[in-house]
Amino acid sequence: MKLEVVVIPVSDVDRAKDFYTALGWRLDADLAPTENFRVIQVTPPGSPASVIFGTTVTSQAPGSAQGLHLIVDDIIAAHEELRRLGANPSDVFHDADGIFHHAGTEGRVPGPEPQRASYGSFLSFNDPDGNGWLLQEVTSRLPGRVDPAAMTFASADELASALHRAAAAHRAQGPGAGTEGPDWPERFARYVARERSGAEEL
């Protein structure tokens with residue numbers, strides 16, 4: 001099962017459409033088969049999941065969707081981009097307890113996570129109705145968090161980091177286990193896939 005769509009409640013459909021497309025989100029559909037039913041779908045850049053809003057697509061109160069997460073590989077660059085595009089983001093922060101973030105603004109410590117640890121840095125912004133989004137910086141995913149059959153990397157740096165870990169693991173096996181031999185790309189690829197699926201063996 002893959003998360004495909006998140007439905008958010010808005011009060012002014014055109015205002016919401018303008019807001020999200022101004023952020024660079026792809027407009028996938030704007031359908032109005034009747035006067036009282038309209039469906040708009042937008043997709044954040046690089047996201048496999050989309051967002052739907054419109055007229056009579058949800059019974060939630062406008063602005064009540066909270067804790068919607070977007071993943072980025074550079075929280076500082078994302079902050080500057082959102083500010084430039086008029087989303088009025090919060091300052092970058094990390095959580096006082098360092099695991100996730102608390103509800104609302106409780107436990108926010110200014111600045112990114114001191115070591116820039118993956119999963120540790122956040123910022124927030126709201127759409128015009130008050131639906132709440134958070135950006136989380138993920139530079140390296142924990143083992144087992146990715147389906148090896150549908151493996152993707154958020155950036156070239158993330159892929160390079162995975163290959164470095166594969167090289168180190170193979171070197172630890174002794175001479176001839178690193179990049180020697182014509183099959184090293186296949187061996188490294190199998191290691192990265194197993195690492196991401198949570199398997200321990202090389």
Side-chain angles (χ1 to χ4, degrees), residues 1-13 15-26 39-147 152 154-155 158 196 198:
M1 298 182 186
K2 296 181 179 179
L3 179 64
E4 183 74 14
V5 167
V6 174
V7 178
I8 61 172
V10 303
S11 60
D12 186 321
V13 179
R15 181 179 66 176
K17 177 183 176 182
D18 290 345
F19 176 80
Y20 285 109
T21 56
L23 296 184
W25 295 24
R26 185 183 70 231
V39 179
I40 292 181
Q41 178 174 305
V42 293
T43 302
S47 174
S50 300
V51 174
I52 282 179
F53 53 87
T55 305
T56 65
V57 296
T58 178
S59 59
Q60 300 176 80
S64 61
Q66 299 296 317
L68 303 164
H69 278 67
L70 300 166
I71 300 304
V72 297
D73 58 11
D74 187 332
I75 198 77
I76 304 300
H79 178 272
E80 291 305 308
E81 180 76 355
L82 287 173
R83 186 183 58 79
R84 183 180 66 80
L85 295 172
N88 193 27
S90 73
D91 292 335
V92 175
F93 66 91
H94 61 283
D95 189 77
D97 294 324
I99 297 174
F100 192 54
H101 58 79
H102 291 74
T105 58
E106 179 185 352
R108 291 188 179 188
V109 180
E113 198 279 332
Q115 305 303 317
R116 292 298 286 273
S118 193
Y119 299 96
S121 301
F122 305 88
L123 65 78
S124 63
F125 72 94
N126 293 332
D127 73 6
D129 282 288
N131 293 305
W133 294 88
L134 287 115
L135 268 62
Q136 183 177 24
E137 184 178 73
V138 176
T139 53
S140 177
R141 293 190 177 274
L142 295 171
R145 302 311 196 269
V146 177
D147 177 2
T152 60
S155 66
E158 185 179 342
R196 289 201 153 200

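Q60 places no side-chain N or O within 3.5 Å of a backbone atom of S64 that could act as its donor or acceptor partner. A donor-acceptor contact shorter than 3.5 Å links the side chain of T21 to the backbone of K17. Judged by distance alone, the side chain of D129 and the main-chain N or O of V10 form no donor-acceptor pair under 3.5 Å. Using a distance-only test at 3.5 Å, with no hydrogens or angles considered, no donor-acceptor pair links the side chain of D97 to the main chain of I99.
Counting heavy atoms from C-beta outward, F93 and L134 have side chains that approach closer than 4.5 Å. You'll find the side chain of D74 reaches within 4.5 Å of the side chain of R116, heavy atoms only.
In this structure, CG in L23 is found 10.5 Å from CZ in R84, a value given to the nearest 0.5 Å. Rounded to the nearest 0.5 Å, atoms CD (Q115) and OG (S121) are 10.5 Å apart. Taken to the nearest 0.5 Å, the CG atom of L135 stands 5.0 Å off from the CG atom of L70. Distance check: R26 CZ to S50 OG gives 6.0 Å after rounding to the nearest 0.5 Å. The OG atom of S124 lies 9.5 Å from the CD atom of Q66; values are rounded to the nearest 0.5 Å.
Contact record, P45 with G24: CG-O, 3.6 Å, taken as the closest heavy-atom pair. Across every non-hydrogen atom of A65 and I8, the tightest pair is CB-CG2, 4.1 Å. Residues A22 and L85 share a closest heavy-atom pair of O-CD2, 3.6 Å. Looking at every heavy atom in both residues, E137 comes nearest to I75 through OE2-N, 2.9 Å. Contact record, Y119 with Q136: O-NE2, 2.9 Å, taken as the closest heavy-atom pair. Here the shortest heavy-atom pairing between Y20 and V42 reads CB-CG2, 4.3 Å.
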Salt bridge (Lys or Arg N to Asp or Glu O under 4.0 Å) between R108 and D91: does it pass, once the steps are laid out? CA-CA 10 Å; R108 291 188 179 188; D91 292 335; over 6 Å; no
What's the verdict on side-chain contact (heavy atoms from CB on, under 4.5 Å) for L68 and V51, showing C-alpha distance, side-chain angles and the deciding distance? CA-CA 10 Å; L68 303 164; V51 174; over 6 Å; no
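Below 30°, between 30° and 60°, or above 60°: for F100 and H69 the angle between ring planes is below 30°, a parallel geometry.
For the ring-ring contact (aromatic ring centres under 6.0 Å, His included) with W25, the qualifying choice from F19, W133, F53 is W133, the only one to do so.
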